[in-house]
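Protein chains get the first letters and strands the later ones, always in sequence-line order, with residue 1 at the start of each. Predicted, not measured: the structure shown is a model, and the values here were computed from it.
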Protein chains: 2
Amino acid sequence: MARQLYELVGTDPARRFSPFCWRSRMALAHKGLDADVIPWRFTENSRLAALGGKTVPILLDGEATLTDSWDIALHLERSYPTAPALFQGLPETYRFIGAWADMVLHPALAKLIVSDIVPLLGPSDAAYFIESREKRFGMPLAQVTAGREARLPEFRALLAPLRRVLGTQPFLGGATPDYADYTVLGGFMWARSVSPLRLLEAGDDLHAWRERMLDLFGGLARGAPALEA
Amino acid sequence: MARQLYELVGTDPARRFSPFCWRSRMALAHKGLDADVIPWRFTENSRLAALGGKTVPILLDGEATLTDSWDIALHLERSYPTAPALFQGLPETYRFIGAWADMVLHPALAKLIVSDIVPLLGPSDAAYFIESREKRFGMPLAQVTAGREARLPEFRALLAPLRRVLGTQPFLGGATPDYADYTVLGGFMWARSVSPLRLLEAGDDLHAWRERMLDLFGGLARGAPALEA
């Protein structure tokens, strides 16, 4: 059986917008591996439960089923040791940037783009998404993202630690990209896939880094359906 | 000549409170190396200029002079390769947590403790410190730290990414501490050395981590002069 990666989509199965799925998709490409896209939508919980998972990405690779992006990365590193290393050292030392992406970058992005996701979803997914996210934010989603252009400077300031690193080296991984880069790129791919908002200014070292990331692996990320102008 | 580490002090040469000096002091201990403390005070610029540096720490190690904590860490790793590794992988991948500590943790700490530093300094150092920091903050230092107890929850929330990692593994370096841990500990040692403010609550995974860090190397950090209750 071909390798399969379950990835979140809306009505368009080509527009894969989960930040966590992007981590795994880039990790596969880093290892030189392909995987069939298995489109998955928000309300299809039973399909994941049948695999022992609750969220995407899920990777089926031979006998192995991995139900979380971190486990997928560890699995790829262990199972394909002769392919380029995802972790240029102990994987444990990559947890901090993952936690920062999950707990700082993603919530900040959500406040800028969450309402853009709704029109990309079919009716039942949209209903689920609106209800669950309005509960999380405690307000209508249009209100969450209201005035977002004015909040972009604050968002960009939050990225200062990334910007400092990427002002001194081309990738978070140093001279070459590694799983730290894919971890952070996931958030930017999420936004790029669903929102027209221009998050980064040209001239920002972080913008230049994202351009380099979009070009990797024959433009894998750049070729994905995007709404960002 | 014995190895020498220039470290920031105030009137008491035993109270070494620079977060960057603590990174180097812990890195030396990690490598099993000793270094004489060379006390340095804020207004003694000419002593550093003579060594080609502008700030502490500065390490003199045989023929080598290193004028920055990052260069010191790289030097120790390169020069003492058989001692335990400070970087469990590419040093470049440790830059993000360093940037986060410098740009998020330290500024947040400064807003809680900066006024506590003044009484620890002699007259000319205090005058320099007050003037330069009031210029940086745009207000009297007592005003910077005013109402700080009420701001502790906000400070602790900022530490969420650290807390998540340290809820799953004992050290930022994984099973054992490494330069990521010393990088973050520096900020906490700065605060502990100068301020009575209780930054972390007992029961916080981050508090437990700091306790483990204080115990390392025969209690090197725990034995340092502290004001935190």
Side-chain angles (χ1 to χ4, degrees), chain A residues 30 68-71 73-74 77 84-108 154-185 187 204-206 209, chain B residues 30 68-71 73-74 77 84-108 154-185 187 204-206 209:
Chain A
H30 183 95
D68 160 277
S69 60
W70 180 252
D71 290 339
L74 295 179
E77 195 74 328
L86 280 168
F87 300 101
Q88 302 182 92
L90 267 195
E92 286 88 337
T93 66
Y94 286 69
R95 280 192 181 274
F96 179 76
I97 198 166
W100 180 86
D102 295 355
M103 306 182 82
V104 178
L105 178 61
H106 291 186
E154 181 192 349
F155 169 75
R156 291 169 183 154
L158 210 59
L159 309 176
L162 288 176
R163 191 172 290 115
R164 174 176 290 184
V165 176
L166 295 166
T168 65
Q169 59 192 41
F171 296 102
L172 296 167
T176 58
D178 73 5
Y179 197 66
D181 293 277
Y182 309 136
T183 297
V184 173
L185 182 71
D204 183 346
D205 285 331
L206 205 40
W209 165 82
Chain B
H30 183 94
D68 160 276
S69 60
W70 180 253
D71 290 339
L74 295 179
E77 195 74 329
L86 279 168
F87 299 101
Q88 302 181 90
L90 266 195
E92 287 88 336
T93 66
Y94 285 69
R95 280 193 181 274
F96 179 75
I97 197 165
W100 180 85
D102 295 354
M103 306 181 82
V104 178
L105 178 61
H106 291 185
E154 180 192 348
F155 169 74
R156 291 168 183 155
L158 209 60
L159 309 176
L162 288 177
R163 191 172 289 114
R164 175 177 288 185
V165 176
L166 295 167
T168 66
Q169 60 192 40
F171 297 102
L172 296 167
T176 56
D178 73 6
Y179 197 65
D181 293 277
Y182 308 137
T183 298
V184 174
L185 182 71
D204 183 346
D205 284 331
L206 205 41
W209 165 80

Legend entry - Geometric class of the A:Trp100/B:Phe96 ring pair [parallel <30°, tilted 30-60°, perpendicular >60°]: perpendicular
Inset, instruction - For the residue pair B:His30 and B:Tyr182, categorise the inter-ring angle as parallel (less than 30°), tilted (30 to 60°) or perpendicular (more than 60°). - result: perpendicular
Legend entry - By side-chain contact (heavy atoms from CB on, under 4.5 Å) - contacts of A:Asp204 (at least two apart): A:Arg163, A:Leu200, A:Leu206, A:His207
Inset, instruction - Please list, chain by chain and in numerical order, all residues satisfying side-chain contact (heavy atoms from CB on, under 4.5 Å) with A:Thr93, sequence neighbours excluded. - result: A:Leu90, B:Gln88, B:Tyr94, B:Asp178
Inset, instruction - Begin from the C-alpha positions of B:Ile97 and B:Tyr179 and carry the test side-chain contact (heavy atoms from CB on, under 4.5 Å) through to its verdict. - result: CA-CA 10 Å; B:Ile97 197 165; B:Tyr179 197 65; over 6 Å; no
Legend entry - Inter-chain contacts: residues 154-161 of chain B against chain A, heavy atoms under 4.5 Å: B:Ala160, B:Pro161
Solution key, residues 164-176 of chain B side-chain donor-acceptor pairs under 3.5 Å, sequence neighbours excluded:
from     : atom 1 : to       : atom 2 : distance (Å)
B:Arg164 : NH1    : A:Asp102 : OD2    : 3.1
B:Thr168 : OG1    : B:Val165 : O      : 2.9
B:Gln169 : OE1    : A:Arg95  : NE     : 3.3
B:Gln169 : NE2    : A:Glu92  : O      : 3.2
B:Gln169 : NE2    : B:Phe171 : O      : 3.0
B:Gln169 : NE2    : B:Leu172 : O      : 3.2

